[in-house]
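To find a chain, count down the sequence lines: A is the first, B the second, and so on, and within it residues start at 1.
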Number of protein chains: 2
Amino acid sequence: MKRRQTEAASSRLVQRHAASCESCPLRRLPSFRAFAPEELKFVSQLKVGEIIVPLGHVLLSEGQSSDMLYTLLEGWMYRHKSLTDGRRQILNFALPGDFIGLQSAMFKEMQHSVEALTEVRLCVFPRNKLWSLYSQQPGLAFDVTWLAAQEERMLDEHLLSIGRRTAIERMAYLLLLLHRRIAQLDLLMDDGFELPLNQQHVADTLGLSIVHTNKTLRKLHDFGVISWRKRTLRILDQTKLARVARFEDSHTGPRPLI
Amino acid sequence: MKRRQTEAASSRLVQRHAASCESCPLRRLPSFRAFAPEELKFVSQLKVGEIIVPLGHVLLSEGQSSDMLYTLLEGWMYRHKSLTDGRRQILNFALPGDFIGLQSAMFKEMQHSVEALTEVRLCVFPRNKLWSLYSQQPGLAFDVTWLAAQEERMLDEHLLSIGRRTAIERMAYLLLLLHRRIAQLDLLMDDGFELPLNQQHVADTLGLSIVHTNKTLRKLHDFGVISWRKRTLRILDQTKLARVARFEDSHTGPRPLI
DNA sequence: CGTTACGTTGAAAGCTTTCAAGCATCGTGG
DNA sequence: CCACGATGCTTGAAAGCTTTCAACGTAACG
């Protein structure tokens, strides 16, 4: 397997004027549950600011700890971890609304890294305020656990995928899942969306080599099921893709946005 | 891939006299954090009883919901999920002290099943009391999240294993991990322990076929690294096994027992 | 116009699975 | 006590899926 050096994270974090949570456009999406006024107020005072982080920046890294927690507001990130010889596994992608850094809040050391796939905008709050959330807002505390359970679910499915699906099934599953997640965020543009990954990312997500990833994508393309050109992915035949993936929908109702 | 029918769960659950949490022998192990008296009292009143469930019983199953949550007190269980054609992936094993059913508490439907690998004894409490835990005992609520994050960590590592480790590395990793977990529970008998799995379980955990699982185990055996006879596994050369697995220790301090 | 990053392909090698049989152990029933 | 069926473990061989190796093509950039 090929070794890859970690990308230099030479970037400067830019502190920005923080918009209020009440006006956060994400909250208006139907996939997020409505917060009571005092919940909103509480969440607002957790927030210490927003940052913008450039493509390639490693926000959290394996083996280190972090005093900050984040909510992704814009852009894509990915969670991954590696073996000592450089083999890398992508664990999941983070999209707007996703909570980042729970593990760093619970344990001393991160055991995975989180890196930006695009320029991203993040909401920042200090890890030590998390405790006040538990002591003052049990509903939000429950929400944090809910989010952790939700992440667990996605990992379960990903594990089933890598362990038991064939290459083409995995690919179909991944593309369909990303499509759904993007759709829920209302980021679909006439059935396509911007996919800021290269084939190496896809390979490292699916546990495949890059060559086989390429050939598998080609098959889906030749079957007329997808089209992926210039960073935009289009699902041309959802039904067929879902059949290939043995995709089963999981309706989870609205989720919290913290 | 071979299809497997789900085992019949014809068993009868036996309601038992419930021992108090204060006297629970698990709590005396150093791997569990000490609870304050009022925490103990609170946990005690969550509990509605204990059940004993026979080998092969499906405690929770994919697609269904559950009103009860559990803590495993004795025995082994495993979490797994399957594709429609029967291919199965084992997600994780549950050992004494493990909390079972968080997903059923958070969502309407379970997306995985939990089944007994041995006869097991479980502590039972109703899902609807979980809310009182969040509203009255923020420390315990934090613990529940901690446990969820811990499960997430194990899944991350498992994903790395299946996605990027070779068959023999995966096998080494799994056996070493189980060894560590058993050791922490003080269930080691002169460097060996009872492993209530067959090779099919191991195959379904590692994403391998049963034949290849057999051959991989044989290699480790022939190298003199392990011995697995009559349900008891012995790690003969931990250092070598850790090297093969590229195992990296993760020290997490004591964990909560709920 | 050379460099770099990324995508594409064909061919060979290698790891895993599938197929087929044969063994061993264990509990049951004759 | 022994035959028999059910499980689970082993093996060899062939087939198949994936990876590795090697090149080549393309687009973006300075």
**Report entry** Selection from C:dT16, C:dT8, D:dT10 that lies nearest to any side-chain heavy atom of A:Gln199
**Finding:** C:dT8

**Report entry** From C:dT17, C:dT16, D:dC9, nucleotide with atom closest to B:Asn198 side chain
**Finding:** D:dC9

Query - Test item: A:Gln111 side-chain N/O and B:Ser250 main-chain N/O as donor-acceptor pair under 3.5 Å - result: no

Query raised in the report: Is there a donor-acceptor pair closer than 3.5 Å between any side-chain N or O of B:Gln89 and the backbone N or O of B:Thr205?
Result: yes

In whole Å, what is the span from the [atom1] atom of [X] to the [atom2] atom of [N]?
X	N	atom1	atom2	answer
A:Leu117	C:dC6	CG	P	12 Å
A:Arg229	D:dA27	CZ	P	13 Å
A:Arg164	D:dC17	CZ	P	16 Å
A:Ile168	D:dT18	CD1	C1'	14 Å
A:Ile210	D:dC21	CD1	P	14 Å
A:His221	C:dG7	NE2	P	14 Å
A:Leu206	D:dT19	CG	P	10 Å
B:Arg87	C:dT16	CZ	P	18 Å

Query raised in the report: Using a cut-off of less than 4.0 Å, is there contact between a side-chain N or O of A:Gln200 and OP1 or OP2 of C:dA5?
Result: no

Requested in this report: Kindly give the heavy-atom pair with the smallest separation between A:Ser113 and A:Ser61, and that separation in Å.
Outcome: OG-CA, 3.5 Å

Report summary line: Within residues 212-219 of chain A, those residues having any heavy atom closer than 4.0 Å to DNA chain C are A:Asn214, A:Lys215, A:Arg218

Query raised in the report: Between A:Phe193 and A:Trp76, how do the two ring planes meet: parallel, tilted or perpendicular, split at 30° and 60°?
Result: parallel

Show each protein N/O and nucleotides 25-27 of chain C N/O combination with a separation under 3.5 Å, one pair to a line.
none

Report summary line: With B:Trp228 as partner, the option from B:Leu175, B:Leu220, B:Val202 fulfilling side-chain contact (heavy atoms from CB on, under 4.5 Å) is B:Val202

Between [X] and [Y], does at least one N-O distance fall below 4.0 Å, as a salt bridge requires?
X	Y	value
A:Arg164	A:Glu169	no
A:Asp156	B:Lys81	no
A:Lys215	A:Asp222	no
A:Arg79	A:Glu151	yes

Requested in this report: With B:Arg165 as the cation and B:Tyr173 as the aromatic partner, state whether NZ or CZ is under 6.0 Å from the six-membered ring centre and within 45° of the axis.
Outcome: yes

Requested in this report: Pick base, sugar-phosphate or nothing for A:Leu208, based on heavy-atom distances below 4.0 Å to the nucleic acid.
Outcome: sugar-phosphate

Can you tabulate the close N/O pairs, meaning under 3.5 Å, that link protein atoms to atoms of nucleotides 24-26 of chain D?
none

Requested in this report: Return yes if a side-chain donor-acceptor contact under 3.5 Å exists between A:Gln103 and B:Glu152, otherwise no.
Outcome: yes

Report task. Report, as yes or no, whether the 6.0 Å neighbourhood of atom CG on A:Asp186 holds more than 12 heavy atoms from other residues, nucleotides or ligands. Result -> no

